[in-house]
Number of protein chains: 2
Amino acid sequence: MNSEPLRGVIFDLDNTLFDFISMKEKAVEAAAWAMVDAGLPLEVDEVRRRIFGVYRIEGIEFQSVFDTMLREVMGRVEPKILAAGIVAYRRAREAMLVPYPHTRSTLVALVRRGIKLAVVSDAPALQAWLRLCYLQIDNLFDAIVTFDDTGEAKPSPKPFQLALKQLKLRPAQTLMLGDWVERDLLGAKNLGMRTVHARYGSEVPDGEPEPLADDVIDDIGELVEIVDRWA
Amino acid sequence: MNSEPLRGVIFDLDNTLFDFISMKEKAVEAAAWAMVDAGLPLEVDEVRRRIFGVYRIEGIEFQSVFDTMLREVMGRVEPKILAAGIVAYRRAREAMLVPYPHTRSTLVALVRRGIKLAVVSDAPALQAWLRLCYLQIDNLFDAIVTFDDTGEAKPSPKPFQLALKQLKLRPAQTLMLGDWVERDLLGAKNLGMRTVHARYGSEVPDGEPEPLADDVIDDIGELVEIVDRWA
């Protein structure tokens with residue numbers, strides 16, 4: 001196992017620094033209620049099902065999801081219904097766009113220790129930055145690498161390598177924290193980084209520790225102790 | 001002068017039901033501060049000036065105003081700066097998207113009297129509906145006509161005629177309230193509607209009463225008395 005002192009931590013964004021799935025679900029539910037209230041002739045559950053159906057086809061970052069759903073259901077996009085959905089979605093999203101408990105205090109504790117921090121996200125640049133701005137944690141990172149910066153998603157080594165270059169650190173000096181084993185942990189492991197599984201962000205939070213993870217945490221606050229152990 | 005009893009009121013939206021200019025100014029100022037904070041190498045006043053410069057060329061409903069300004073200033077769009085501007089703009093816009101004082105109580109008072117209500121706006125359909133949803137007054141209207149419904153802007157008779165058709169009223173039975181004399185009041189007058197000038201929404205709120213206006217108000221609450229006089 002690695003013996004270089006730890007100098008940097010790289011974080012995944014969605015479901016590692018904030019609860020992306022929960023945000024999406026709550027925002028879509030609010031939008032579904034509002035669109036039914038505005039005259040969409042469907043049950044709320046059916047609207048929600050159709051919206052996530054569009055996301056499954058077009059990808060979770062697809063921005064015209066309500067237009068697409070309305071066109072499928074009504075054959076046209078009624079601005080009254082679309083606007084009701086957008087306003088409800090935005091309000092719920094903003095309310096839900098808060099970091100996981102202990103995220104800010106953990107990031108600040110690491111900064112105080114002189115640990116360099118980065119984000120490596122597969123989200124498109126604008127979406128990733130919007131989330132970081134809403135979360136009000138963007139200033140705490142020394143490097144933020146989004147999908148658009150390399151054009152490759154994890155577990156490709158490229159986004160990790162770009163973050164390491166910006167941090168001026170070697171893989172063996174860094175730790176990757178992420179919820180997605182096959183992307184976050186595998187990509188980092190392949191480069192020789194230490195890996196911590198953010199089990200709190202995974203859909204199945206219980207179960208066996210991941211073989212790819214050097215450590216597993218159920219609260220981001222546990223990261224400080226791990227960093228201290230490896231620093 | 002008209003002698004048919006008043007049965008309906010048609011409202012302009014921007015600067016008649018809410019303070020659109022003030023909303024834009026506050027939201028743009030918040031965005032300018034945030035983009036400078038995020039690294040845009042200009043004074044805040046200069047950023048604001050450039051944003052309104054883009055609006056003057058592209059129109060006040062232009063949605064890519066920050067991208068355009070950033071490309072002019074930096075030769076590229078840095079997602080970090082764009083995201084900071086968008087988040088600050090959205091937050092300030094939402095905070096400012098409230099109806100003028102006495103708007104909701106006035107609309108409800110008119111509905112209670114059996115007066116039919118409409119909106120005729122030159123804004124694009126989605127933008128108009130988003131504003132009405134944020135303002136939470138959309139349910140109080142019997143008809144909402146936006147630019148996209150007729151493809152013509154006031155003072156064209158078309159949007160007024162569509163609203164009248166949806167209200168099932170004749171021009172002589174209705175009153176138009178708006179801040180923009182050459183569009184709202186002229187268009188309504190040409191059709192034989194009564195006209196009231198929303199002087200509180202005009203850039204130069206003092207001065208002589210408009211010759212095109214049958215009445216002038218400095219608070220939307222004054223509308224109830226005028227309607228009672230003509231009902």
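Throughout, protein chains are lettered first and strands after them, A, B, ... in sequence-line order, and every chain is numbered starting at 1.
Listed by first and then second residue, the side chain to side chain donor-acceptor pair (under 3.5 Å) pairs that reach into residues 132-142 of chain B are A/Arg90-B/Tyr134, sequence neighbours excluded.
With a threshold of 4.5 angstrom between heavy atoms, A/Gln127 does not approach chain B through any atom at all. Heavy-atom distances place the side chain of B/Glu94, and not its backbone, under 4.5 Å from chain A.
Of all the heavy atoms in B/Arg91 and A/Cys133, the pair that sits closest is NH1-O, 4.4 Å.
Listed in order of number, the residues of residues 39-57 of chain A that approach chain B to under 4.5 Å between heavy atoms amount to none.
Chain B forms the most heavy-atom pairs under 4.5 Å with one residue out of A/Pro79, A/Ala125, A/Ala34, and that residue is A/Pro79.
Inter-residue side-chain proximity for B/Leu126 and A/Ile86 is flagged as met; some heavy-atom pair is nearer than 4.5 Å.
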